[in-house]
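Working notes for the structure below.
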Amino acid sequence: MNDIKNILPDFEPPLNKNRSYIPVCEPDLEGNELKYITDCVKSTWISSLGLYVNKFEKSFSSFCNVKFGIACTSGTSALHLALAAIGLRPGEEVILPTFTMIATANAVTYAGATPVFIDANPNTWNIDVDKIEEKINNKTRAIIVVHTYGYPADMDKVIAIAKKHRLFVIEDAAEAHGAEYKGKKVGSLGDIACFSFYGNKIITTGEGGMLLTNNEKIARIVRILCDHGFSKKRHFWHQYIGFNYRMTNLQAAIGLAQVERVDKFIKNRIEHAQLYKFFLEKIKGIILPPDTRDRKNVFWMYSILISDDFKINRNQLRIQLASEGIETRTFFIPMHLQPVYYKKYYLGKFPVSEDLCRKGVCLPSGAMLKKNHIKLIASLIKNIST
Ligand SMILES: *Cc1c(COP(=O)(O)O)cnc(C)c1O
């Protein structure tokens, strides 16, 4: 095991909040959010029954060009519902990238199954599709792809592999609302897609998630599983062990207001990315995020690599930016290095993911970020580099 101390220090750099503090992510709630929430409270429909849940499901699923949307409590519960809906069982395996946020792997663990980790591709930072087939065996049931930081994974290859081996494809699109692969929205590409609406995601409901699918049978089961396994025909009658993963009307009210402005949020993030690129691309030792013509990256987090050619290392850069009031995030620590997964599931080597973890930093990217913030951040990085 690569010693984690060589990759990441076990502290966060102290943030200077006396300076012009720039948070890494801040939501924009300046549309109809307050109006719709007020409507919920005044009408007393604040639990999971109520008109906004249905409206939010319809508006977000049609934004993604998918037939069915089931709102739930989080991106994590959407992933768990997806795996429960395909009937994943203990002893079975699910393939997923090691370079992801832990919820992707935990959902597999909740189902009692085994996550099988794959390294990242150095160019896309997403699952290395050429390493998937060697991990497939008769216990494999599904492949979860993650559209990391808003850049779509290599879906054509993943879908071809899944077809050949009769596996389900689940998109973890928690970071990629509105991203596109060859002109199609992510979330519409696999069998099931899972979105998160956590506070720092491209659209937010505070906490929340949604499962999307074009498969009517899966949609029907997910709706039941999400609601305690209640039969739709007879109340208090249960054919499945379900969950209470229902989204509240309050959250959906915020979600609906967010979807109304999602195009603006995405446009903003892409413009911010273009500005970051303009200022940073000529700096030696800075590697910009993947951005190719066949895909629309929505730049959930503007993420760069600080290579060994840069004047100081990634950790030192974070400390310096923090002292100027600029909050940053490191990249994900790969799953195979996590204390909870290391012993059980560590098989093979994952050098690309470890390299990303060592060099990666997410710069401020929220909806409230201003152009002069980006100018300031970029000029600080440039000054450090010379
Ligand atoms: C945020 C995130 C999740 C989890 O979403 P929650 O709503 O916080 O449960 C899952 N997968 C990825 C890739 C994420 O970034």
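As the structure lists them, so they are numbered: ligands from 1, and atoms in each ligand from 1. Excluded from the calculations below are hydrogen atoms, water molecules and symmetry mates; all remaining heavy atoms, backbone and side chain alike, are included. These numbers were taken from a predicted model, which means no experiment stands behind them.
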- request: Compile the protein residues with any heavy atom at a distance under 4.0 Å from an atom of ligand 1; present them by chain, then by number.
  value: Ser74, Gly75, Thr76, Thr100, Met101, Ala103, Thr104, Val146, Asp172, Ala174, Glu175, Ser196, Lys201, Gly208
field: Atom pair CD1 (Ile127) and OG1 (Thr148), whose distance is rounded to the nearest 0.5 Å
entry: 9.5 Å
- request: Tell me whether the guanidinium CZ or amine NZ of Lys17 lies under 6.0 angstrom from the six-membered ring centre of Tyr21 and within 45° of its axis.
  value: yes
query: Is any NZ, NE, NH1 or NH2 atom of the basic residue among Glu271 and Lys371 found under 4.0 Å from an Asp or Glu carboxylate oxygen of the other?
result: yes
message: Please confirm whether the ring centroid of Phe197 lies under 6.0 Å from the ring centroid of Phe56.
response: yes
message: Could you check, using the six-membered ring where one of them is a Trp, whether Tyr245 and His80 have ring centers closer than 6.0 angstrom?
response: yes
task: Return yes when atom OH of Tyr198 has more than 12 non-hydrogen atoms of other residues, nucleotides or ligands closer than 6.0 Å, and no otherwise.
output: no
